[in-house]
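Remember, it's a predicted structure, so these values are computed and weren't measured experimentally.
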Amino acid sequence: MDKGEIFLSLLEKSSLIIVLFIMITKVKGFKYIFQKENHNIGDLFIISIIFSLLAMLGTYNGISVHGSLANTRIIAIVSGGILFGPLVGFTSGFVSGFHRYMLDISGITSIPCFISSVFAGILSGYVSKKVSEEHKWFYGIICGVASESISMFLIFLMSNPHKTAVVVINKIYLPMIVGQIGIGFLVSVVNVIKKEKEEIAAFQSKLALNIANKTLPYFRSINEESLKVICGIIKDEIKSDAVAITDSEKVLAYVGVGQEVFNKPNVELSDTTKESMRENKILNIKVENEEYSLSKKVSLKTAMIIPLTDSQGVMGTLKIYYIKQYEMSYSKKSLAIGLSYIISTLMEISKIEKIKEAKNKAEIKALQTQINPHFLFNALNTITSFIRIDPDKARNLIINLSTYMRYNIEVNDNLIDIQKELEQVKAYVEIEKARFGDKLNVVYNIDENIDVKIPSLIIQPLVENAIIHGIRKNGGYGTVIIGAKQYENKTEIWVENDGITIGEDIIEKVYNDDMPENKIGLYNVHLRLKLLYGRGLNILRLSPGTKIEFYIC
């Protein structure tokens with residue numbers, strides 16, 4: 001065989017490795033592992049086996065050249081190492097290298113091939129930690145070229161007879177070097193799989209936000225009809241055959257196949273639904289026998305039951321049905337879970353809204369209206385803008401928005417730990433920082449291990465005031481400092497900004513209980529502190545900026 005024939009043969013065998021790898025990635029369990037951002041030991045063990053087998057196949061499929069094997073083993077080793085790190089690289093390199101050595105112990109290239117295989121795994125695993133994802137294909141090829149070069153160098157030094165080694169190197173070196181482009185193809189396959197996951201995540205985020213926007217008006221006054229509309233919206237958006245929402249005792253609304261059965265008054269919950277609520281666990285049910293279904297009266301073959309929770313625990317379930325036997329994919333489960341979070345939060349908001357109507361204390365009632373609709377819609381628009389360019393950022397912002405809203409609706413007369421209050425503050429800040437980017441800088445100057453209880457929703461309104469009336473009016477540029485310092489007999493808490501200085505007339509109105517309409521949050525914090533501790537806010541005019549502080553005794 002001349003060099004051209006060897007190259008074409010290696011190209012064919014590289015293609016076989018790539019095709020086999022693509023087939024492996026189509027297997028549901030393996031695809032899920034490859035799509036993960038972080039891999040545990042079990043995942044890495046499975047991946048190591050896959051790439052070890054591919055590397056061993058490359059050896060078996062090699063071309064005999066004067067007692068040597070021109071093969072694609074290094075392509076599989078380096079691809080595993082560059083994609084998944086040192087453990088996979090070293091394991092596949094050692095296993096496949098030892099396998100190559102045992103196949104032909106007395107061969108002139110056995111020991112050099114073993115050494116170069118281990119070297120390829122170590123080198124690619126090390127490089128994987130140093131380069132970005134988008135450049136791994138290129139550095140993978142470089143690692144492959146370096147590993148094959150080391151292999152040729154060792155063959156030249158260690159092989160006997162020396163003339164045969166020179167002939168082997170002359171025939172296989174260039175074809176095997178060029179063949180390393182196969183590493184780029186393997187790396188690209190995994191990148192496509194990960195990109196597919198990001199696209200699914202972006203679609204899920206957009207779909208969940210779309211459902212939230214469409215259902216939001218119907219949560220303002222929850223009743224049987226509004227819940228039916230909500231179920232209908234969810235059913236149409238996720239393309240299921242039926243959707244139901246229950247409380248802890250009965251079906252509240254059911255839309256889709258079988259609604260004539262389940263929309264009757266006081267339909268009791270199934271034992272499976274009760275189990276899901278009792279264990280606060282998502283249950284996936286699929287009827288294997290075509291002759292049976294989930295209900296004696298309705299032909300439903302597949303269901304997912306997701307508990308809905310509020311601050312008091314499980315309050316009901318979201319149930320999604322299909323009339324066919326349906327394997328719930330990971331993306332479907334993730335979307336359903338996301339919907340359950342949104343519905344749980346919106347239902348709790350609705351419940352709090354009803355409680356709010358019965359509140360007699362004006363300061364609590366005013367504070368509970370702080371879920372500003374402009375802030376909510378601005379936050380949703382911000383999240384939407386990140387869906388395609390940064391799905392992970394969008395998911396984190398959804399979590400922050402949910403945290404912010406939940407803390408807002410949980411405001412009451414009870415004192416809470418300051419760390420819980422700060423969680424809500426940080427959730428609000430992250431949403432605002434996403435909107436304004438580098439323009440807004442927030443510094444936390446909090447004593448370590450601070451341990452004090454404060455009224456709920458007492459810091460966030462001050463932070464919001466600093467950003468809206470201090471930083472935004474300053475063109476959006478500025479720094480907000482959130483501080484808390486604990487002394488022996490008191491705790492000092494302050495919020496400071498270097499934006500627009502607060503007007504003396506505003507300070508005077510707050511101190512004189514002359515509530516300005518655009519400072520309701522600031523005034524209510526001042527009023528609540530006075531009611532609880534006898535002393536309200538201390539408002540300081542800086543040059544530039546404003547500092548607002550108070551003490552918990």
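- Salt-bridge formation is detected for the pair Glu133/Lys136: a Lys NZ or Arg NE/NH1/NH2 atom is positioned less than 4.0 Å from an Asp or Glu carboxylate oxygen.
- How far CD1 of Ile111 is from OG of Ser116: 12.0 Å, rounded to the nearest 0.5 Å.
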Please evaluate residues Leu440 and Val429 with respect to the criterion side chain to side chain contact (heavy atoms under 4.5 Å, CB included), reporting the C-alpha separation (whole Å), side-chain torsions for both, the decisive distance (0.1 Å), and the verdict.
CA-CA 9 Å; Leu440 175 61; Val429 165; 5.6 Å; no
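- Taking 4.5 Å as the limit, some side-chain heavy atom of Met315 sits within range of a side-chain heavy atom of Ser344.
- Although no hydrogens or angles enter the test, the distance criterion places a donor-acceptor pair under 3.5 Å between the side chain of Ser188 and the main chain of Gly184.
- Listed here is the closest heavy atom pair of Phe51 and Ala76: CD2-O, 3.3 Å.
- Atom CG of Leu318 sits about 4.5 Å away from atom CD1 of Ile343, to the nearest 0.5 Å.
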Starting from the C-alpha separation in whole Å, work towards a yes-or-no answer on side chain to side chain contact (heavy atoms under 4.5 Å, CB included) for Asp43 and Phe84.
CA-CA 10 Å; Asp43 295 332; Phe84 301 103; over 6 Å; no
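- Shown here for Ala55 and Ile77, the closest heavy-atom pair between the two residues is CB-CG1, 3.9 Å.
- When atom types are taken as modelled, the side chain of Thr59 and the backbone of Arg73 share no donor-acceptor pair closer than 3.5 angstrom.
- Enclosure of atom CG in Asn40 by more than 12 non-hydrogen atoms of other residues, nucleotides or ligands within 6.0 angstrom is indicated.
- For Phe386, the CZ atom sits in a packed shell: over 12 heavy atoms of surrounding residues, nucleotides or ligands are nearer than 6.0 Å.
- The line from CD1 of Ile305 to CG of Leu269 is 9.5 Å long, rounded to the nearest 0.5 Å.
- A pairwise comparison of heavy atoms in Phe98 and Phe114 identifies N-CD1, 3.3 Å as the closest pair.
- In this structure, CZ on Phe119 lies 9.5 Å from CD1 on Ile74, to the nearest 0.5 angstrom.
- Here the straight-line distance linking atom CG of Leu186 with atom CG of Leu20 works out to 10.5 Å at 0.5 Å rounding.
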Start with the C-alpha distance between Ser248 and Val314, add both sets of side-chain angles, then the distance that settles side chain to side chain contact (heavy atoms under 4.5 Å, CB included), and finish with yes or no.
CA-CA 8 Å; Ser248 59; Val314 179; over 6 Å; no
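- Counting only distance, with no hydrogens or angles, the side chain of Ser128 and the backbone of Leu83 share no donor-acceptor pair below 3.5 Å.
- Note that Lys426 lies in the cation-pi zone of Tyr444, set by a 6.0 Å cut-off to the ring centre and a 45° limit from the axis.
- Using a 4.5 Å heavy-atom cutoff, the side chains of Val255 and Ile234 are not in contact.
- With a 6.0 Å radius and a threshold of 12 heavy atoms from other residues, nucleotides or ligands, Asp438 has its CG atom at or below the threshold.
- A 4.5 Å side-chain heavy-atom check between Phe185 and Ile75 finds every atom pair outside the cut-off.
- A side-chain donor-acceptor contact under 3.5 Å links Ser276 to the backbone of Lys281.
- The shortest heavy-atom contact between Ala434 and Lys393 is CB-CE, 4.2 Å.
- Looking only at side-chain heavy atoms (C-beta outward), Arg100 and Ser110 come within less than 4.5 Å of each other.
- Inter-residue side-chain proximity for Glu237 and Lys214 is flagged as met; some heavy-atom pair is nearer than 4.5 Å.
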Please report the C-alpha distance between Asn396 and Glu430 in whole Å, then the side-chain angles of each, then the deciding distance to 0.1 Å, and finally whether the side-chain hydrogen bond (donor to acceptor under 3.5 Å, both in side chains) criterion is met.
CA-CA 9 Å; Asn396 289 333; Glu430 288 304 312; over 6 Å; no
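- Side-chain contact between Val118 and Phe90: present, with at least one pair of heavy atoms (C-beta onward) separated by less than 4.5 Å.
- For Phe156, the CZ atom counts as loosely surrounded, since its 6.0 Å shell holds 12 or fewer non-hydrogen atoms of other residues, nucleotides or ligands.
- Side chains of Ile233 and Tyr218 form a contact here, defined as non-hydrogen atoms less than 4.5 Å apart.
- Of the possible polar contacts, one joining the Gln259 side chain to the Gly256 backbone as a donor-acceptor pair under 3.5 Å is found.
- By the neighbour-count criterion of 12 heavy atoms within 6.0 Å, atom OH of Tyr139 is sparsely surrounded, having that number or fewer from other residues, nucleotides or ligands.
- The shortest non-hydrogen separation linking Thr246 to Lys319 is CG2-CD, 3.9 Å.
- Interatomic distance, Cys143 SG to Ile183 CD1, rounded to the nearest 0.5 Å: 7.5 Å.
- Ionic pairing of Glu432 and Arg435 is present here: one or more N-O contacts between side-chain nitrogen and carboxylate oxygen are shorter than 4.0 angstrom.
- Two residues are said to be in side-chain contact when any heavy atoms from C-beta on lie closer than 4.5 Å; Met304 and Leu283 fail this criterion.
- Closest approach of Ile18 to Gly182, counting heavy atoms only: CD1-O, 4.1 Å.
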Would Leu308 and Ile245 count as a side chain to side chain contact (heavy atoms under 4.5 Å, CB included) here? Give the steps.
CA-CA 9 Å; Leu308 302 176; Ile245 293 177; 4.3 Å; yes
